[in-house]
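Below is one structure. I have some questions about it.
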Amino acid sequence: MRHLGRPAPEWPETAVEAEEIQERLRPLADLSGPGPRDVRLVAGLDVAYTPAEGGGELVTGAVVVLDAATLEVAGQAVVTERARFPYVPGLFAFRELPPLLAALDRLDAVPDLLLCDGHGLAHPRRFGLACHLGVLTGLPVIGVAKTLFVGEHGEPGRERGAYAPVVHEGDVVGRALRTQDGVRPVYVSQGHRVGLDEACEHVLRLAPAYRLPEPIRRADHLSRHRS
DNA sequence: GCGACAG
DNA sequence: ATCTTGTCGC
């Protein structure tokens, strides 16, 4: 899938510049549902970190594509490079985007849906990694995070499938979704071209046995073994 | 002003 | 994210 990620023409030097980019791209995120009809290939993305020789750090972006029906691996790609931005809460897309876009470019087939670790709409400026990834690739993206970043929510029911809306500054920005009975919920938020209801349905269907959806678990494992 | 803060 | 062993429980 060549040319999905633009050859980064401008990259922020400061946090202020990074925030300006988020503000400028935010309107481009499509938050209208429902989203793609028939999803055949789903990709999970994750990044692992490694200290680099002589200072700095390396980021390893991994993408694992699964057959949405059987959950069997249909493709994968891994890319390791030097981190281009420091970790700043709210701006970590600028750390993970480069290796992820590079890995996506190495895929043979274009996925119908992307699942990334981290938030989408549930972000201080409503433009987390999932939204940024969607705007840059044009693909439908769902954000799945392990911890709450912004907003608050009630305790979802104990059973798999139960959920509670995450509200931030008066807006519903996502959901705390229980993917397995009795386990901590994951935080699902819209990234691009997928409705919230549909996003939760996809996450639930893709997480038949563990807390995190299978595509993300596979990407997590791949990024570690190759970093 | 102080602390907290996706990964 | 990463640093880290065993251990309690299903």
Side-chain angles (χ1 to χ4, degrees), chain A residues 12 15-16 18-19 21-22 25-26 29 44-53 55-64 78-103 114-136 141-153 158-160 166-169 171 173-177 179-192 196 199 203 209-213 215-227:
Chain A
V16 171
E19 290 183 11
I21 290 176
Q22 293 183 323
L25 298 182
R26 174 173 55 188
L45 333 208
D46 194 19
V47 176
Y49 298 82
T50 311
E53 335 285 330
E57 48 190 341
L58 301 178
V59 286
T60 297
V63 181
V64 175
V78 200
V79 171
T80 295
E81 54 182 58
R82 189 168 274 284
R84 304 182 198 177
F85 205 82
Y87 172 68
V88 179
L91 300 177
F92 99 110
F94 294 96
R95 277 166 80 70
E96 309 214 335
L97 235 27
L100 290 180
L101 291 173
L114 265 37
L115 249 59
C116 70
D117 65 312
H119 300 280
L121 232 205
H123 174 277
R125 287 171 294 283
R126 303 286 184 276
F127 198 73
L129 175 63
C131 300
H132 208 143
L133 205 44
V135 169
L136 262 39
V141 185
I142 295 172
V144 180
K146 296 181 288 297
T147 63
L148 185 65
F149 185 24
V150 297
E152 46 280 319
H153 65 83
R158 183 183 185 293
E159 351 70 58
R160 164 182 158 82
V166 172
V167 179
H168 177 55
E169 298 176 341
D171 301 324
V173 296
R175 284 179 191 166
L177 175 67
T179 53
Q180 299 298 322
D181 292 356
V183 305
R184 283 178 301 152
V186 294
Y187 297 90
V188 179
S189 62
Q190 297 177 74
H192 186 57
L196 183 54
V203 170
Y210 298 95
R211 181 165 87 117
L212 293 178
I216 290 183
R217 294 188 68 238
R218 288 290 181 68
D220 178 82
H221 297 161
L222 180 57
S223 70
R224 293 178 195 277
H225 291 316
R226 274 264 332 232
S227 66

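Computed from a predicted model, the values in this text were never measured in an experiment.
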**Study point:** Qualifying salt bridge (Lys or Arg N to Asp or Glu O under 4.0 Å) pairs with a residue from residues 143-153 of chain A, counting only residues at least two apart or across chains
**Key:**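 Listed once each, the pairs would be none.
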Check your understanding: Rounded to the nearest 0.5 Å, how far does CG of A:L97 lie from CG of A:L101?
Key ->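 Spacing of CG (A:L101) from CG (A:L97) equals 4.5 Å.
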Exercise for review: Please indicate whether A:R184 has more than 12 foreign heavy atoms, meaning atoms of other residues, nucleotides or ligands, lying under 6.0 Å from its CZ.
Suggested key: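 No, because the 6.0 Å sphere around CZ of A:R184 holds 12 heavy atoms or fewer from other groups.
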Exercise for review: Rounded to the nearest 0.5 Å, what's the gap from CG on A:L100 to CG on A:L136? Could you check?
Suggested key: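 Result: 11.0 Å between the selected atoms.
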Exercise for review: State the OH-CZ distance between A:Y87 and A:R95, to the nearest 0.5 angstrom.
Suggested key: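 If we round to the nearest 0.5 Å, A:Y87:OH and A:R95:CZ are 9.0 Å apart.
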Exercise for review: Evaluate the criterion side chain to side chain donor-acceptor pair (under 3.5 Å) for residue pair A:Q22 and A:R125; output intermediate values, then yes/no.
Suggested key: CA-CA 8 Å; A:Q22 293 183 323; A:R125 287 171 294 283; 2.7 Å; yes
**Study point:** Minimum heavy-atom distance A:A176-A:P185, with the two atoms named
**Key:** C-CB, 4.0 Å
Exercise for review: For A:H123 and A:G90, indicate whether the former's side chain and the latter's backbone hold a donor-acceptor pair under 3.5 Å.
Suggested key: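 Such a contact is found between A:H123 side chain and A:G90 backbone.
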Check your understanding: Could A:R126 and A:D171 be called an ion pair, given the rule that one side-chain N must be under 4.0 Å from one carboxylate O?
Key ->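 Salt bridge present between A:R126 and A:D171.
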**Study point:** Stem regions touching DNA chain B, defined by at least 3 consecutive Watson-Crick or wobble G-U pairs below 3.5 angstrom
**Key:** none
Every protein N/O within reach of nucleotides 2-7 of chain C N/O, cut-off under 3.5 Å:
{"from": "C:dT2", "atom 1": "OP2", "to": "A:R224", "atom 2": "NH1", "distance (Å)": "2.8"}

Practice item. Would you verify whether the NZ or CZ of A:R84 falls within 45 degrees of the ring axis of A:F94 while also being under 6.0 Å from that six-membered ring's centre? Key: no
Check your understanding: With a 4.0 Å cut-off on heavy atoms, is A:L100 in touch with a base, just the backbone sugar-phosphate, or nothing at all?
Key ->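 Contact class for A:L100: none.
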Practice item. For A:H119, enumerate each residue passing the side-chain contact (heavy atoms from CB on, under 4.5 Å) test, keeping only those at least two apart in sequence or located in another chain. Key: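 With sequence neighbours excluded, A:H119 shows a side-chain contact (heavy atoms from CB on, under 4.5 Å) to A:A122, A:A145, A:F149, A:Y187, A:S189, given in chain and number order.
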Point to revise | Consecutive-pair stems (at least three Watson-Crick or G-U pairs, under 3.5 Å) that include DNA chain C | key: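 Detected stem regions: none for this strand.
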Review point. What does A:G143 touch in the nucleic acid at a heavy-atom separation under 4.0 angstrom: a base, only the sugar-phosphate, or nothing?
Key: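 The answer is nothing, as A:G143 stays clear of every strand by at least 4.0 Å.
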Review point. For A:D181, does its backbone N or O pair with a side-chain atom of A:E159 as donor and acceptor, under 3.5 Å?
Key: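 No; judged by distance alone, with no hydrogens or angles, the pair does not exist.
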Revision key, fill the gap. Outer limits of DNA chain B sitting under 4.0 Å from a non-hydrogen atom of chain A, read 5' to 3', are B:dC5 to B:dG7
Review point. A:R160 side chain to A:T179 main-chain N or O, any donor-acceptor pair under 3.5 Å?
Key: yes
